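For reference, the structure discussed in these notes is given below.
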Amino acid sequence: MSAGVEERRRSGTRPVAVAALLLGYSAAVGCSGDSALPTAPSPGLNTTRPAAPVGVGTTVTPGPGTTVPGIELTVVPHRDGSFDVSENVMLSAPADMLPLQLPPSGDQLPGMMAATEPRVTNLKVLADDQSVPLENTTVPGADYIPLSVAATRIRLTYRLSGSTVLATPAESVRAGAAIRPLTANASSTLPTDVKVASGLLNAICPLLPEPRCAAGDPPHLTIESGIPAGKALVVLQLDLPR
């Protein structure tokens, strides 16, 4: 066989050999990848579960009454004009007596101008996470509650009724309501955050130099934060739930 023919035979076998090597490499990589990371793994196989958000179920919103001295007042309106209310209070110094004060009648309040008779029922009190026994869970006016322990952290929950004036016509859900912390007299300088769960259209704080204390725009309207407790009387303009 001539040298030219031998050379052509050798050159013709090179692509075949190279292709064979590449196919073998690809198969090896494919097998290795399949064994280490399946294309469609079973749930939990070779996967990392996402870490749970830090503090889920235990986090608190930073602010007065929760992480610094002050009051956090949250109200949830009902169709009849009553409110479910919670107050988280953090005092600067321990106290063993808690003064209570209802909102005033609405007859002299802007946006209401009609007499009301605020009343608190279903009152529950915790002092430093200990339940406080109450002789009466109804608060018709100013009162004092002796605490089980001298506490700096106090939580109240209750139903506030009789503090709302419904707009006319009667079928309207628009209303004006006066609210303030039941514990406002515990310390008049405590910064207070007032939060309304739904329906807020406007807020007036008649005891402040600048009475309009709403912030933002509906439906994301809020109330200015850090109002001193002694001045945290707020007249709400809101749509009640239907």
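Please read these numbers as outputs of a predicted model, since none were measured by experiment. As a basis for the values below, the full set of heavy atoms in this structure was taken, side chains included, without hydrogen atoms, waters or symmetry mates.
- Contact annotation: the side chain of Ile179 approaches that of Leu236 to within less than 4.5 Å [non-hydrogen atoms, C-beta and beyond].
- Of all heavy-atom pairs between Thr183 and Leu156, the closest is CG2-CD1, 3.6 Å.
- Thr116 places a side-chain heavy atom less than 4.5 Å from the side chain of Pro118.
- At least one donor-acceptor pair under 3.5 Å links the side chain of Glu87 to the backbone N or O of Leu182.
- Note that NE2 of His78 and CZ of Phe83 are 9.0 Å apart. Values are rounded to the nearest 0.5 Å.
- Looking at heavy atoms from C-beta onward, Met90 lies out of side-chain contact with Pro64 at the 4.5 angstrom threshold.
- Side-chain contact check for Lys124 versus Val132: every heavy-atom pair is 4.5 Å or farther apart.
- With a 4.5 Å cut-off on side-chain heavy atoms, Leu91 and Ile154 count as touching.
- Side chain to side chain, Arg159 and Ser82 meet the donor-acceptor criterion of an N or O pair below 3.5 Å.
- Remark: side-chain polar atoms of Thr137 are not paired, donor with acceptor, to backbone N or O of Glu135 under 3.5 angstrom.
- Residues Pro241 and Val173 are not in side-chain contact: their nearest non-hydrogen atoms beyond the backbone lie 4.5 Å or more apart.
- The two residues Asp128 and Ala150 have their closest heavy-atom pair at OD2-O, 3.9 Å.
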Dump the intermediate steps for salt bridge (charged side-chain N to carboxylate O under 4.0 Å, His left out) on Arg174 and Asp239, then the final yes or no. CA-CA 4 Å; Arg174 189 150 298 183; Asp239 280 337; 2.9 Å; yes
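- A 4.5 Å side-chain heavy-atom check between Asp193 and Thr74 finds every atom pair outside the cut-off.
- Side chain of Ser105 to main chain of Ala115: no donor-acceptor pair is present (N/O by atom type, distance under 3.5 Å, no hydrogens or angles).
- Between Ala178 and Leu160, the closest heavy-atom pair is O-CD2, 4.2 Å.
- With hydrogens and angles left out, the side-chain atoms of Thr66 and Glu72 include no donor and acceptor closer than 3.5 Å.
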